[in-house]
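Worksheet: one structure, shown below.
Treat the numbers as computed from the prediction; the structure is a model and nothing was measured.
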Amino acid sequence: MFVAVLDANVLFPMLLRDTLLRVASEGCFRVHWSPRILEEMTRNLVSDYGMQPSRAEALRTVMEDAFPEANAEGWEEIEPAMRNDPKDRHVVAAAVAAEAPIIVTSNILISVISPTALLP
């Protein structure tokens with residue numbers, strides 16, 4: 001089974017988020033993210049999509065409960081070594097830490113580059 005890190009920008013749109021999480025729950029791939037990715041998701045659901053903060057936090061809790069193994073660990077230590085766009089380094093670091101060869105994102109640049117290619 002392959003491993004994929006879901007970037008926050010694919011977790012904002014309800015239909016895309018639902019589809020990705022349903023496919024992962026069926027065992028088609030193993031999902032990973034970081035607390036920072038989920039923080040970005042909840043922040044943008046509130047600011048860009050008008051979701052109530054309590055509902056955004058409840059959604060995050062449901063996601064974390066449904067995928068307790070999804071939290072990438074150790075990404076903070078390697079984030080400074082990433083060479084991609086600084087605002088996306090945490091995503092690539094999470095992928096490297098989770099040994100995920102795939103990043104699901106709407107950001108073209110990091111979707112076509114292997115996360116390990118961005119290591120020094």
Side-chain angles (χ1 to χ4, degrees):
M1 179 182 321
F2 69 91
V3 180
V5 165
L6 303 183
D7 193 2
N9 58 23
V10 298
L11 296 173
F12 307 157
M14 180 181 67
L15 292 175
L16 180 55
R17 176 183 60 244
D18 187 53
T19 300
L20 289 168
L21 295 180
R22 284 178 188 266
V23 170
S25 71
E26 291 298 319
C28 295
F29 71 96
R30 202 170 77 225
V31 64
H32 281 279
W33 48 56
S34 69
R36 187 162 164 196
I37 289 170
L38 294 182
E39 288 165 13
E40 183 179 345
M41 177 198 74
T42 55
R43 183 177 64 249
N44 285 300
L45 284 170
V46 172
S47 66
D48 296 351
Y49 289 83
M51 186 180 278
Q52 293 294 325
S54 60
R55 291 190 58 140
E57 285 300 326
L59 172 63
R60 178 181 176 165
T61 299
V62 167
M63 290 169 56
E64 290 174 316
D65 289 348
F67 299 95
E69 72 291 344
N71 194 42
E73 296 182 5
W75 61 273
E76 300 96 329
E77 294 82 28
I78 61 175
E79 181 182 3
M82 300 298 110
R83 298 180 306 186
N84 59 309
D85 187 306
K87 68 181 179 131
D88 293 322
R89 288 183 180 160
H90 68 286
V91 178
V92 177
V96 171
E99 298 180 3
I102 298 168
I103 297 171
V104 181
T105 182
S106 62
N107 185 342
I108 301 296
L109 178 62
I110 63 172
S111 66
V112 296
I113 297 174
S114 169
T116 55
L118 298 171
L119 290 171

ask   = Going from CD1 on Ile103 to CD1 on Ile37, what distance comes out if it is rounded to the nearest 0.5 angstrom?
value = 8.0 Å

key: CZ/Arg55: more than 12 non-hydrogen atoms of other groups inside 6.0 Å   = no

message = Quick check: closest heavy atoms across Ala98 and Ala72, and the distance to 0.1 Å?
response = CB-CB, 4.2 Å

query = Parallel, tilted or perpendicular: which describes the rings of Trp33 and Phe67, with under 30° parallel and over 60° perpendicular?
reply = perpendicular

task = Using the rule that two of Ile, Leu, Val, Met, Phe, Trp, Tyr join whenever any of their side-chain heavy atoms come within less than 4.5 Å, decide whether Val92 and Phe29 are in one cluster.
result = yes

note = Here the gap from Glu40 atom CD to Asn9 atom CG, rounded to the nearest 0.5 Å, amounts to 7.0 Å

Same cluster (ILVMFWY, side-chain, under 4.5 Å), Met1 and Leu20 = no

request  = Would you check if there is a donor-acceptor pair between the side chains of Ser106 and Asp7 at a distance under 3.5 Å?
outcome  = no

ask   = With the threshold set at 4.0 Å, does a side-chain nitrogen-carboxylate oxygen contact exist between Glu64 and Arg60?
value = yes

query = Minimum heavy-atom separation for Ser25 to Arg22, with atom names?
reply = OG-O, 2.8 Å

Phe2 to Cys28 - nearest heavy-atom pair and separation = CE2-O, 3.5 Å

task = Flag the pair Phe12 / Met41 as yes when at least one side-chain heavy-atom distance between them is below 4.5 Å, and no otherwise.
result = yes

ask   = If you measure from CG on Leu45 to CG on Leu11, what distance do you get to the nearest 0.5 Å?
value = 8.5 Å

query = Are any non-hydrogen side-chain atoms of Thr105 and Asp88 less than 4.5 angstrom apart?
reply = no

task = Say whether, by atom type as modelled, one donor and one acceptor occur between the side chain of His32 and the main chain of Ala4 under 3.5 angstrom.
result = no

key: Under 3.5 Å: donor-acceptor pair, side chain of Asp18, backbone of Met14   = no

task = Say whether Leu21 and Val23 are linked into one hydrophobic cluster, either directly or through other cluster members, by side-chain heavy-atom distances under 4.5 angstrom.
result = yes

query = Are Met63 and Leu6 side-chain neighbours, meaning at least one heavy-atom pair lies under 4.5 Å?
reply = no

Residues, nucleotides or ligands: over 12 heavy atoms within 6.0 Å of Glu69 CD = yes

query = Are Val96 and Val91 linked, directly or through other ILVMFWY residues, by side chains that come within less than 4.5 angstrom of each other?
reply = yes

query = If every non-hydrogen atom of Val46 is compared with every non-hydrogen atom of Ala56, which pair is closest and at what distance?
reply = CG2-CB, 3.8 Å

query = Is there a path from Leu16 to Leu59 through hydrophobic residues (I, L, V, M, F, W, Y) whose side chains come within less than 4.5 Å of each other?
reply = yes

note = Residues Ala97 and Ile78: closest non-hydrogen pair is N-CD1, 3.9 Å

Distance, nearest 0.5 Å, that separates CD of Glu57 from CD of Gln52 = 12.5 Å

key: Euclidean distance, Glu79 CD relative to Arg89 CZ, rounded to 0.5 Å   = 8.0 Å

query = Considering only heavy atoms from C-beta outward, does the side chain of Val104 approach that of Val31 to under 4.5 Å?
reply = no

Heavy-atom closest contact (Ala100 atom, Val5 atom, distance) = CB-CG2, 3.9 Å

